Amino acid sequence: MLRMYDIIAKKRDGGTLTQEEICFFVKGYTEGTVPDYQASALLMAIYLNGMTAQETAQLTAAMAHSGDMVDLSAISGVKADKHSTGGVGDKTTLVVAPIVAACDVKMAKMSGRGLGHTGGTLDKIEAIPGCTVSLTPQQFFRQVNEIGLAVIGQTGNLAPADKKLYALRDVTATVSCVPLIASSIMSKKLASGSDCILLDVKTGNGAFMKTLEASIELAKAMVEIGEHNGRHTAALITDMDMPLGHLVGNSLEVQEAAETLMGKGPQDLLLVCKALATNILVLADKGSAEQCEVMVDKALASGAALEKLCLMVQAQGGDAGYIRAPHTLPRAKYERQVLCETEGYLCAMNTEKIGISAVLLGAGRETKESVIDPAAGLRIEKKTGEKVVPGDVLAVLYAEDKAKFSAAEAEYRSALTFGAEAPAPIPLVYALVEKDKVTRLSYQIPPNGQI
Ligand code: URA
């Protein structure tokens, strides 16, 4: 008979768990027969001793099967999903999903809410007045069949083992562990039912994984799990050493996403979104990378991708007028400029602190019960590498309550490092991780600024 005590001792001593032992733990913990203290001990043993690729795959499968496995067969054609490991100013889903749908690949996407200093797509969609992220499975399937995309919250009972384990990891110092992060993310992706999964693994000071090596290791583990479970899976490693684009905050990020689909967005966001969309199309067998990039460019230039976002917003109860005229999206009552006091170059931005500054303005949750202010956030006027002089506007803060400005401004200022020399440019995309292959990339905005 299996006993949790023996499973914990085996992993503590560096052993390899069997599928039966892993399933015993996951089932028992989800059902409540394995107590928190034994689960915590096993998580710490895994944290310290790691897991083999096979153990990680088995843990992921057990977590995915702990609840509903969504069946997307009611949706015709290839279904693709994208997942970002979390960032600041990361509104890529709102740009990439419409591009992909305009290229005839279905995006049936279940997204998440903001976590800590990082934003969440659901909160952004809800910032569009009237727009909902709660659809019944039938509404979800019908919408994806008719217009090619839907972005909603997780339905029903998706990977309940992960929900419990994630909460436990959060309070037992066992979050930042590759097999545990990989199985947590991929259990939800496998349960969501798509055929193709593109992972956007962020790297840098605003990401979970602070170094390129750690990000590649996480990406490899997740790609292996996806492929092992019969899903076409790849990962792009993208930068989070500074926020993506200029706008951070829910309504503001919808505005920037819509502007990007209109050809009026920031070049860094456009470059990352094009790379993500191109690689989703490649995974969906739409052609070579070069052919897929041409399709992406056409979807943007023709306005077809913008039209898809308008259709999605309308189908989910919102007014597409806000997407066509993004400056009409709800605005905060008050704004405050953060002015530069130094001469030189902006050498580094602590992205996590900038995310916290946006949370302090009301754009994220400080506690589980916090209510988000959709219009709160900030506009970044100067980014890493730019020359600055005293009096330059570094950022503009937006809030409904003036009292929030002083803490947010202090946090924002503490995120910036100035120096006399210009820093080396930061790549935006570092690597493509595919099954058995890592291709190093160094995508940057070209000197002429044209992508
Ligand atoms: N996101 C998840 O869903 N799980 C993790 O463990 C980390 C990030």
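Whatever order the structure lists ligands and atoms in, that order sets their numbers, starting from 1. All values below were derived from every heavy atom in this structure, side-chain atoms included, with hydrogens, water molecules and symmetry-related copies excluded. Bear in mind the structure is a predicted one, so any value in this text is a computation, not a measurement.
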Considering only NZ, NE, NH1 and NH2 on the basic side and carboxylate oxygens on the acidic side, decide whether Lys79 and Asp81 come within less than 4.0 Å.
-> no
May I ask you to check whether Asp90 and Ser84 show a side-chain donor-acceptor distance below 3.5 Å?
-> yes
Look at Glu352 together with Lys210 and state whether they make a salt bridge at an N to O cut-off of under 4.0 Å.
-> yes
Quick one: do Arg113 and Glu126 make a salt bridge, cutoff under 4.0 Å?
-> yes
Crowded around Lys27 NZ? As in, over 12 foreign heavy atoms under 6.0 Å?
-> no
For the side chain to side chain contact (heavy atoms under 4.5 Å, CB included) test, which of Thr238, Leu244, Asp239 pairs with Asp268?
-> Leu244
Shell of residues surrounding ligand 1, defined by a 4.0 angstrom heavy-atom cut-off that is strict = Tyr166, Arg169, Ile181, Ser184, Ile185, Lys188, Phe208
